[in-house]
Amino acid sequence: GTVEHAGTRELSRCSGMRIGPRGSLYVAQKREWEVLELSPDSDLELRDSAPTGQEPHDMYVLPADGLLVVNNSLEPAATVVDLETMTVRTEIETGQNPHGFAVADGPGYRYGLSPARDDDHFAVADLDAAVAGEADPTEALVDVGTSTGFAAPTPDGRYAVVDSYDESFVTILDLVDLSVAGRVEVGGEPLHVVCTDDGEECYVGNMERNDLAVLDTSPLVEGRPEDVAVTGRIAGLGEKPSGIFRPEVES
């Protein structure tokens with residue numbers, strides 16, 4: 001079959017798109033600092049809009065909470081938008097240029113994890129506090145010693161594996177102690193990380209090498225981050241194999 005052009009709506013510079021829990025299409029408007037709600041059909045009818053911070057880019061839907069987390073590239077903050085009312089519920093303080101977002105069901109509460117592309121600080125927020133609309137849901141800005149892009153939490157929510165834009169290692173964060181628990185050398189420029197559902201392995205993309213690194217993350221189940229290591233490589237994927245992050249946030 002072929003993909004046919006069905007409809008067009010003129011917008012400004014778009015920097016991110018998501019489908020929400022009610023089926024609407026949400027589009028970040030980089031220059032206007034807003035998110036638009038469009039009908040998910042060829043008419044692309046403009047239904048509503050919500051303000052964001054400066055230059056919104058990627059967005060993450062929290063379907064169970066009816067919220068949209070919007071990263072703002074020109075400031076250290078992510079805007080949390082209520083999709084029912086298209087209003088700002090709260091803001092999450094982050095490092096400069098928050099880039100990815102992940103949810104971890106931790107031992108104490110649900111963590112909202114925000115890496116930062118232009119900053120060494122990784123934000124850990126109390127996601128339930130953000131859902132409640134509290135003014136300052138960020139629990140800590142952890143100095144990880146490198147800029148970051150994406151995080152992969154373990155199934156039990158105790159740890160997260162974080163990639164790097166500047167170094168050849170990934171960082172293991174202890175989400176309970178809110179501290180760096182270890183580093184694992186993978187070589188090249190690790191970008192994008194995905195943990196398996198059983199927590200036994202983590203796959204790490206790369207922007208310099210031509211393979212994925214396979215980490216044995218089973219020691220994290222027993223609280224031994226120092227024993228996490230590269231145990232294999234997946235080759236034959238072409239240059240710069242990355243983009244392996246999961247596109248939807250589960251909550």
Side-chain angles (χ1 to χ4, degrees), residues 3 5-103 111-119 121-123 125 127 130-131 133 135 137-138 147-152 163 165 191-192 242-251:
V3 178
H5 181 243
T8 300
R9 169 169 287 276
E10 296 234 358
L11 300 172
S12 181
R13 185 171 182 180
C14 303
S15 50
M17 291 191 298
R18 289 283 171 174
I19 296 293
R22 296 184 297 168
S24 292
L25 173 64
Y26 297 92
V27 180
Q29 291 278 83
K30 186 172 184 177
R31 295 193 179 101
E32 287 75 12
W33 302 357
E34 65 181 0
V35 169
L36 303 181
E37 180 184 4
L38 306 177
S39 62
D41 52 33
S42 59
D43 292 333
L44 295 172
E45 175 190 0
L46 177 59
R47 292 176 171 175
D48 209 339
S49 65
T52 66
Q54 299 179 37
E55 293 203 358
H57 57 122
D58 56 352
M59 304 184 293
Y60 297 84
V61 176
L62 305 178
D65 302 304
L67 298 177
L68 184 71
V69 178
V70 185
N71 288 331
N72 302 304
S73 60
L74 287 187
E75 60 180 293
T79 304
V80 181
V81 175
D82 185 325
L83 294 178
E84 181 68 31
T85 61
M86 289 299 285
T87 58
V88 175
R89 181 76 62 88
T90 189
E91 280 198 336
I92 297 173
E93 181 185 4
T94 67
Q96 187 65 39
N97 188 5
H99 199 55
F101 185 79
V103 175
Y111 304 101
L113 309 177
S114 293
R117 191 168 186 170
D118 299 328
D119 198 323
H121 291 92
F122 183 95
L127 192 54
V131 171
T138 299
S147 59
T148 53
F150 297 89
D163 63 11
Y165 280 95
L191 187 64
H192 302 136
S242 58
I244 59 172
F245 57 93
R246 294 178 175 176
E248 298 301 327
V249 174
E250 298 177 0
S251 65

Check: P56 and W33 side chains under 4.5 Å, non-hydrogen atoms:
yes
Heavy-atom closest pair (V70 atom, T52 atom, distance to 0.1 Å) is CG1-CG2, 4.1 Å
Are any of the side-chain heavy atoms of C14 and Q29 separated by less than 4.5 Å?
yes
If you take all heavy atoms of F101 and L127, which pair is closest and at what distance?
CZ-CD1, 4.2 Å
For E93 and T138 the tightest heavy-atom approach is O-OG1, 2.9 Å
If we ignore angles and hydrogens, is there a donor and acceptor under 3.5 Å between the side chains of R47 and S24?
yes
Grab the two heavy atoms, one from P137 and one from A130, that are nearest each other, plus how far apart they are.
CB-N, 3.8 Å
Side chain proximity check, R31 to S12, heavy atoms < 4.5 angstrom
yes
N72 and T79, any side-chain heavy atoms less than 4.5 Å apart
yes
Nearest heavy-atom neighbours spanning I19 and V61:
O-CG2, 3.7 Å
Where do L38 and D43 land on the side-chain contact (heavy atoms from CB on, under 4.5 Å) test, with the steps shown first?
CA-CA 9 Å; L38 306 177; D43 292 333; over 6 Å; no
Look only at the side chain of R89 and the backbone of D82, and say whether a donor-acceptor pair between them is shorter than 3.5 Å.
no
Taking the side chain as everything from C-beta on, heavy atoms only, tell me whether Y165 gets closer than 4.5 Å to L191.
yes
Kindly indicate, with the supporting measurements, whether the criterion salt bridge (charged side-chain N to carboxylate O under 4.0 Å, His left out) is fulfilled by E37 and R22.
CA-CA 11 Å; E37 180 184 4; R22 296 184 297 168; 3.5 Å; yes
Answer yes or no: is there a side-chain heavy-atom contact under 4.5 Å between V69 and L62?
yes
Can you tell if the side chain of L25 reaches within under 4.5 Å of the side chain of S39, non-hydrogen atoms only?
no
Quick one: are D119 and N97 in side-chain contact, heavy atoms under 4.5 Å?
no
Any donor-acceptor pair under 3.5 Å linking the side-chain atoms of S114 with those of N71?
no
How far apart are the C-alpha atoms of V35 and V27, what are their side-chain angles, what is the distance that settles it, and do they pass the side-chain contact (heavy atoms from CB on, under 4.5 Å) test?
CA-CA 5 Å; V35 169; V27 180; over 6 Å; no
Apply side-chain contact (heavy atoms from CB on, under 4.5 Å) to M17 and Y26, showing your working.
CA-CA 6 Å; M17 291 191 298; Y26 297 92; over 6 Å; no
Is there a donor-acceptor pair under 3.5 Å between the side chain of T94 and the backbone N or O of A77?
yes
At their closest point, which heavy atom of S42 faces which heavy atom of A6, and how far apart are they?
CB-O, 3.4 Å
D163 side-chain N/O to H192 backbone N/O, donor-acceptor pair under 3.5 Å:
yes
Assess whether side-chain contact (heavy atoms from CB on, under 4.5 Å) is satisfied between L68 and V80, documenting all intermediate values.
CA-CA 6 Å; L68 184 71; V80 181; over 6 Å; no
